[in-house]
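A quick write-up on the structure given underneath.
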Amino acid sequence: MKDVALRAGVALKTVSRVVNGEPGVTPETASRVQDAITELGFRRNESARLLRTGRTATLGYIAENWADRESAALGRGVEEVAREHGFLLFTGSTDSDPAREEQLTLSLCARRVDGLIIVPTPGDHDYLRSEIEAGIAAVFVLRPPVTMDADTALVDEHGAARAGVEHLIAQGHRRIGFLGGDHSAYRSRQLLGGYSEAMAKAGLPVDEAWTSLTPEGLLNSAVTAVFCASRDYTALALRTLGPTGGSRRMAVVGFGAFDMAEHLAPRLTVVSYDPAEVGRAAAELLFGRLDGYSGPDRKVQIPATLVARGSAEFPPAD
């Protein structure tokens with residue numbers, strides 16, 4: 001900074017004001033300082049600056065599985081907001097292992113990140129309580145934490161399933177199944193709740209066998225339509241009902257954007273959302289905390305959109 005001040009013919013404080021974007025410098029003087037910075041290749045010592053503020057200008061994003069495009073898109077949304085605020089983003093993944101999550105979280109805290117955005121694994125998150133009390137800002141995304149309260153950015157999965165099942169009901173289906181995984185998992189509970197609400201609203205019964213379907217069981221099921229709780233389950237349903245599925249035809253609606261869904265014959269109806277939007281919402285919650293918000297825990301819920309493509313059945317009729 002002394003070299004810059006000498007080259008520009010200004011005081012050291014003037015260089016500091018220009019570098020830090022502070023007022024009190026005329027445009028002409030600021031331009032002269034910027035020219036000197038460019039000529040000398042000066043770069044501000046971020047570590048020294050951040051020591052004065054007590055911040056590191058870094059965030060941590062702990063994903064579930066980087067092979068999953070939802071995790072990657074969500075992380076991109078977080079990074080966009082972090083970049084707008086001049087923050088760097090450190091990332092890691094848990095592979096749904098609670099021990100791995102705790103290890104990653106505490107490692108990032110030890111490196112003094114200013115905040116964390118976590119896709120939580122099943123299990124106890126009380127290990128993070130002392131870190132939050134010590135000043136780490138934390139936001140949980142896609143599902144809430146267990147045994148503690150915190151800001152969360154979620155997807156309206158309940159509403160998504162309700163919209164998908166209502167679409168099938170409007171197409172004339174009365175025996176509608178639910179193809180999902182572990183019903184104790186947060187997402188499955190939300191989707192199953194929306195499914196049940198839509199069926200009850202239409203006055204339709206729900207057979208327990210319809211909500212405990214397996215992909216292989218579709219061929220012998222009494223249902224005429226099925227709501228699939230993820231892209232993977234949608235793919236399994238289509239594979240089961242494909243050319244080797246014989247004459248068993250069934251309408252399919254899937255949760256989550258599905259590659260080539262609009263190009264399938266027949267075209268596939270899905271209920272989808274934008275993971276990057278969820279990531280941006282989580283990051284905005286986090287920066288709200290970093291900017292001084294200290295009120296009650298907040299929840300942002302991103303809506304899902306029904307992309308209706310008719311009442312197509314799989315496999316298609318000849």
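What you see below is based on every heavy atom in this structure, not just the backbone, and it leaves out hydrogens, waters and symmetry mates.
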Once you measure the plane-to-plane angle for His125 and Tyr127, does it fall in the parallel (<30°), tilted (30-60°) or perpendicular (>60°) bin? tilted
Does any part of the side chain of Ile62, heavy atoms only, come nearer than 4.5 Å to the side chain of Thr91, both counted from C-beta? no
Does the pair Arg32/Asp35 count as a salt bridge with the N-to-O cut at 4.0 Å? no
Apply the test ring-ring contact (aromatic ring centres under 6.0 Å, His included) to residues Tyr233 and Phe255: give CA-CA distance (whole Å), side-chain angles for both, the deciding distance (0.1 Å), then the verdict. CA-CA 9 Å; Tyr233 278 109; Phe255 175 67; over 10 Å; no
Does this structure show an ion pair linking Asp151 with Arg289, if we count only N-O contacts that are shorter than 4.0 Å? yes
Closest heavy-atom pair, Asp156 versus Pro303, reported as atoms and distance to 0.1 Å, is CB-CA, 4.2 Å
For Leu290, is there any backbone N or O sitting under 3.5 Å from a side-chain donor or acceptor partner on Arg55? yes
Keeping the roles fixed (side chain from Thr29, backbone from Val25), state whether a donor-acceptor pair exists under 3.5 Å. no
Is Arg280 salt-bridged to Asp274, cutoff N-O under 4.0 Å? yes
When the aromatic ring centroids of Tyr195 and Phe227 are compared, is their separation below 6.0 Å? no
Which one of Arg162, Arg143, Arg187 satisfies the side chain to side chain donor-acceptor pair (under 3.5 Å) criterion with Glu157? Arg187
Testing the basics here: between Phe178 and Ala229, what is the closest heavy-atom pair and its distance to 0.1 Å? CZ-CB, 3.9 Å
Where do Thr211 and His183 come nearest, in terms of heavy atoms and distance? O-CE1, 2.8 Å
Does the structure place the NZ or CZ of Arg298 under 6.0 Å from the centre of the six-membered ring of Tyr293, at an angle of no more than 45° from the ring's axis? yes
Which heavy atom of Gly75 sits nearest a heavy atom of Leu89, and at what distance? O-CD2, 4.1 Å
Quick one: are Leu116 and Leu59 in side-chain contact, heavy atoms under 4.5 Å? no
